[in-house]
Amino acid sequence: MNYLPNYSCNYTPLSVRSHHIVTYGMTELYADEKAFGGEYSRWGYEMTLKLKADSAEECMWALDMLSNLARYTYTSERWFEPFECIHGGTPLHEGTDSKITSLITVADTSAQSLDTLNGKVDFIQLVGITEEEYQAIQQDSENIHNLIELMKQDNPDLATDMNRTKSYL
């Protein structure tokens, strides 16, 4: 089963040169009588990722990651909400020595929630974090809010830079 039937990956001139990836398929994409008037459109969110990259081709690995997260939602029937951690333990971009090993979830910094005929759609942005940052959040869950605020000082759009070595916590 294809858990993500489509996505967009567009260059965006935000605070950090990046590509904004948006999934399509976590919500009802087409008119469906059974979904009409629901509180949430299917799972109620689409995933987004702002990835620092010079070309869309450099973002292709992230689509596999997003597809795996979609599969997780569909098979476990557990959805993502802001301020959660997704532990990877190894570099998110397989085959690299990136220090970015995990993700946190936030409300997308630029895409606003939508009210549709099939229900509400939120945009949940995935933000790459280091193992050190992940461990700090595990020790104290309030650190996720501290981390987001510290990261926003340098990177207001929370674009993931797979070359980042600086730890904010």
Side-chain angles (χ1 to χ4, degrees), residues 1-32 34-96 98 100-129 134 144 148 151-152 155-162 164:
M1 177 179 186
N2 184 4
Y3 297 100
L4 281 181
N6 212 339
Y7 63 90
S8 66
C9 180
N10 297 301
Y11 171 75
T12 181
L14 299 170
S15 59
V16 173
R17 181 184 172 122
S18 61
H19 282 74
H20 194 187
I21 303 168
V22 180
T23 65
Y24 297 98
M26 303 301 292
T27 58
E28 292 293 339
L29 299 178
Y30 308 103
D32 182 349
K34 292 179 267 180
F36 181 76
E39 182 179 358
Y40 290 96
S41 178
R42 196 177 294 169
W43 296 107
Y45 70 94
E46 293 293 347
M47 294 178 283
T48 73
L49 176 69
K50 294 179 178 113
L51 189 59
K52 184 177 179 187
D54 292 325
S55 69
E57 290 76 26
E58 292 178 41
C59 302
M60 291 299 117
W61 66 268
L63 300 178
D64 287 335
M65 177 186 71
L66 292 168
S67 184
N68 286 333
L69 293 171
R71 182 179 67 231
Y72 169 80
T73 294
Y74 276 92
T75 59
S76 70
E77 297 188 359
R78 186 184 178 291
W79 56 90
F80 295 108
E81 298 178 286
F83 310 115
E84 293 184 331
C85 282
I86 304 165
H87 189 235
T90 61
L92 295 179
H93 186 179
E94 194 174 309
T96 70
S98 175
I100 306 302
T101 61
S102 298
L103 298 163
I104 56 174
T105 57
V106 300
D108 191 283
T109 59
S110 56
Q112 303 299 309
S113 296
L114 302 172
D115 287 315
T116 73
L117 293 176
N118 292 328
K120 185 175 180 179
V121 176
D122 291 323
F123 293 92
I124 303 296
Q125 182 175 337
L126 303 168
V127 180
I129 63 171
Y134 173 80
I144 197 168
I148 291 165
M151 289 176 80
K152 279 186 171 181
N155 178 5
D157 301 300
L158 297 174
T160 295
D161 179 356
M162 295 304 292
R164 176 170 70 91

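The OG1 atom of T23 sits 10.0 Å away from atom CG of L69, with the distance rounded to the nearest 0.5 Å. Considering CG of D108 and CE of M47, their distance stands at 13.0 Å, rounded to 0.5 Å. For the atom pair N6 CG and L63 CG, the distance stands at 10.0 Å (nearest 0.5 Å). Distance check, rounded to the nearest 0.5 Å: CD1 of I104 to CD1 of I148 gives 4.5 Å. Interatomic distance, M65 CE to H93 NE2, rounded to the nearest 0.5 Å: 10.5 Å. T12 contributes atom OG1, which lies 12.0 Å from atom CD1 of I21 (distance to the nearest 0.5 angstrom).
Between M162 and L51, the closest side-chain pair of non-hydrogen atoms falls below 4.5 Å. With contacts defined as side-chain heavy-atom distances shorter than 4.5 Å, the pair L92/T160 does not qualify. Looking at D122 and K120, their side chains come closer than 4.5 Å, going by heavy atoms from C-beta outward. With contacts defined as side-chain heavy-atom distances shorter than 4.5 Å, the pair Y45/T73 qualifies.
Contact record, D157 with T109: O-OG1, 3.2 Å, taken as the closest heavy-atom pair. When all heavy atoms of F80 and Y72 are compared, the closest pair comes out as CZ-CD2, 3.6 Å. Closest of all the heavy-atom pairs between Y3 and S67 is CB-O, 4.4 Å. M151 and G128 get closest at one heavy-atom pair: CE-O, 3.9 Å. Annotation for G89 and S102: closest pair N-OG, 4.2 Å, computed over non-hydrogen atoms. Residues A159 and N155 approach most closely at O-ND2, 2.7 Å, considering heavy atoms.
Contacts classified as salt bridge (Lys or Arg N to Asp or Glu O under 4.0 Å) and involving residues 52-64 (residues at least two apart or in different chains) are given here: R17-D54, K52-D161. Judged as a salt bridge (Lys or Arg N to Asp or Glu O under 4.0 Å), the pairs with a partner in residues 65-82 (not counting sequence neighbours) are, in order, R78-E84.
Classification of the W79-W43 ring pair by plane angle, with boundaries at 30° and 60°, yields tilted.
With 3.5 Å as the limit, one finds no donor-acceptor pair spanning the side chains of Q125 and T48.
Panel note: side chain T105, backbone I124; no donor-acceptor pair is recorded below 3.5 Å. Side chain of H19 to backbone of C9: no donor-acceptor contact under 3.5 angstrom is found. Of the possible donor and acceptor atoms, none in the side chain of E46 sits under 3.5 Å from a partner among the backbone N and O of F123.
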Worked check of side chain to side chain contact (heavy atoms under 4.5 Å, CB included) between M26 and V121: CA-CA 9 Å; M26 303 301 292; V121 176; over 6 Å; no
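Listed by chain and residue number, E131 satisfy the side-chain hydrogen bond (donor to acceptor under 3.5 Å, both in side chains) test with T101 (two or more places apart in sequence, or in another chain).
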